[in-house]
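Here the structure comes first, spelled out in structure tokens, and everything after it is commentary.
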Amino acid sequence: MKKQIVLFCILVSLLLSCSEGRQNDNTASDEPPASGLSGKELATAHCSRCHAFVSPDVLPKKIWRENVLPAMGHRMGIYNKGVRPDSLFDPGVSGAIVRNANIYPEQPVLAKADWDSIVQYFVKNAPDTIPAPVRSHPIRIGLKHFKYRETSFSYHPAFTTMVKILPDNRGIIFNDSKPRFNSLTFLTPGLKEHYSIPMQSTPVQFDERSNEAYLTTAGGGIFPTDAPFGAVQQMVKTGPDKTYKPGNIVISGLQRPVCMAYGDLNKDGLVDMVACEFGNETGELAWYENNGKGGYSKNVLRAKPGAIRAIIKDANNDGLPDIYVLMAQADEGVFLYENLGAGKFREKRLLSFLPVNGSQYIELADFNKDGFDDIVYVCGDNADKTPILKSYHGIYIFLNDGKGNFRQAYFYQLNGAYKAIVRDFDLDGDLDIAAISFFPDYRRYPEESFVYLENKGHLKFDDYSFPQASRGRWIVMDAGDMDGDGDTDIALGSFVYFIPDGDTTGLGKKWLVDGPSVVVLENTTR
């Protein structure tokens with residue numbers, strides 16, 4: 001009983017410190033006393049303070065020892081030679097924000113003996129290796145409803161951060177983000193360059209709403225940062241040919257926004273915005289209230305980093321728009337922010353995932369036609385400290401029981417899955433799935449980089465890819481009726497900064513030389 005009380009006290013204190021950050025105490029010179037708890041008890045208490053507990057058997061010993069545990073130790077004030085290195089902090093404002101948030105405390109929060117017990121627990125109980133997933137059957141090659149088209153204009157190498165299909169036969173927009181250079185390019189319906197606009201910040205999302213258009217920019221670069229340099233900018237049509245040019249900044253000071261959602265959240269007739277400020281070590285989920293005079297007021301929903309996708313939709317049919325959000329940093333999961341009216345929201349956790357999942361994307365879709373929105377969930381981000389192929393990466397469908405409870409009903413294993421778009425692509429009355437992977441198994445299954453899941457009914461799908469799937473390394477995807485013929489086309493954007501497996505496949509060299517920025521899968525159903 002005494003040991004349970006000690007463990008409970010440790011857990012409570014850590015939970016309190018997790019959300020607020022620890023205050024520096026530069027006068028402290030002695031480490032906390034040893035708890036006497038076992039490595040497993042200590043790991044449960046410390047590791048569960050901010051996210052779901054990860055069992056040792058999920059990762060191999062080397063990953064635990066060399067990558068995960070050192071990073072975990074830094075967050076508990078455990079440093080090599082006992083000194084917090086400046087290398088933990090980015091230069092400039094980004095690093096200053098992390099320092100002020102006290103993400104990495106100067107003094108240890110646990111005794112060295114306790115830390116050693118945690119390390120021993122994970123390393124001792126982790127497997128030496130974890131075998132790569134083996135596909136149960138080959139992915140079929142050939143898309144009978146799609147024609148492959150490659151743009152005649154590309155950047156080499158391609159660093160595409162956004163692709164958007166414009167409706168009504170108006171072409172495609174994409175952004176290339178070279179170091180210290182961004183170019184927002186507009187392609188004609190024939191996939192030739194129409195015009196390009198230099199941008200100071202990296203575009204990640206383009207939205208047209210009625211007669212207005214908005215461009216979301218993540219900040220000065222494409223890589224993780226806590227700097228508040230992101231923004232939402234109006235795009236203005238000019239000239240006889242109605243070309244776009246950058247207009248006024250409507251929201252600034254965003255911490256690496258990766259997704260914006262639009263809707264009238266307070267029912268005042270004005271369009272508000274929800275910002276997924278993913279950040280890095282810090283960040284927020286917030287909604288911005290439109291004041292009707294060109295300004296927006298910020299309202300924080302969750303003061304933690306990792307918001308990566310937001311969807312505004314009435315979840316409970318009360319006439320008020322709610323917000324579905326995927327969190328993809330540490331405490332990964334799907335959350336519903338129930339609209340209580342008067343600008344107030346209540347957080348409800350719908351699904352929880354391990355922090356090694358690499359959550360990437362969600363969509364809402366009614367797969368069983370019962371009138372309730374189900375959740376399509378995608379996980380596969382391997383740009384972290386656990387870069388191994390994982391059997392639980394892929395595409396999930398969680399069915400809604402009509403009461404806001406979700407159960408897993410389908411899983412398609414897809415190494416490094418990054419995004420999945422749900423549409424009735426073949427116009428047969430049911431929902432199909434188009435998916436991309438940024439971290440597929442290029443050695444054995446390069447066709448995994450794009451998979452089309454054709455719905456055969458009752459949550460059964462046949463999987464297909466196309467012969468040119470490995471022409472690029474797909475990081476972004478959009479779907480829309482590009483040519484106005486009534487069916488849904490697909491555009492893929494390539495980003496080749498990360499070369500897979502030391503380029504033992506040879507694909508990286510090809511991408512660097514002649515890989516396309518964007519390709520189109522033109523739907524030929526109609």
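Note that this is a predicted model, so its numbers are computed, not measured.
Between the side chains of R309 and Y361, at least one donor-acceptor pair of N or O atoms lies under 3.5 Å. Side chains of E347 and Y337: a donor on one and an acceptor on the other come within 3.5 Å. Y121 and S38 are not linked by any side-chain donor-acceptor pair at a separation below 3.5 angstrom, with hydrogens and angles left out of the test. In summary, the side chains of T202 and N182 do present a donor paired with an acceptor at a separation below 3.5 Å, with no hydrogens or angles considered. Using a 3.5 Å distance cut-off with no hydrogens or angles, the side chains of N357 and S359 do not pair a donor with an acceptor. Looking at Q234 and Y244, their side chains never bring a donor and an acceptor atom within 3.5 Å of each other. For the 3.5 Å distance criterion, the side chains of N175 and Y155 fail to qualify, holding no donor opposite an acceptor.
Contact check on D331 versus R302 returns a salt bridge, with a Lys/Arg side-chain nitrogen under 4.0 Å from an Asp/Glu carboxylate oxygen. In summary, K112 and D114 do not engage in a salt bridge, as defined by a charged side-chain N under 4.0 Å from a carboxylate O. Looking at E338 and K348, no side-chain N of the basic residue comes within less than 4.0 Å of a carboxylate O on the acidic one, giving no salt bridge. In summary, E289 and K298 do not engage in a salt bridge, as defined by a charged side-chain N under 4.0 Å from a carboxylate O. In this structure, K267 does not pair ionically with D272, as no charged nitrogen and carboxylate oxygen lie closer than 4.0 Å.
Contact check for I173 versus L184: side-chain heavy atoms found under the 4.5 Å cut-off.
Sorted by first then second residue, the ring-ring contact (aromatic ring centres under 6.0 Å, His included) pairs that include residues 276-305, not counting sequence neighbours, are W287-F345. Listed by first then second residue, pairs satisfying salt bridge (charged side-chain N to carboxylate O under 4.0 Å, His left out) with a partner in residues 86-97 read D86-R99, not counting sequence neighbours. Legend: side chain to side chain donor-acceptor pair (under 3.5 Å) pairs involving residues 56-70, not counting sequence neighbours, sorted by first then second residue: S55-D57.
A search for salt bridge (charged side-chain N to carboxylate O under 4.0 Å, His left out) contacts involving K313 returns D373, not counting sequence neighbours. Contacts of Q233 classified as side chain to side chain donor-acceptor pair (under 3.5 Å), with partners at least two apart in sequence or in another chain: none. Listed by chain and residue number, nothing satisfies the salt bridge (charged side-chain N to carboxylate O under 4.0 Å, His left out) test with K245 (two or more places apart in sequence, or in another chain).
Between F398 and F353, the ring-plane angle classifies as tilted under the 30° and 60° cut-offs.
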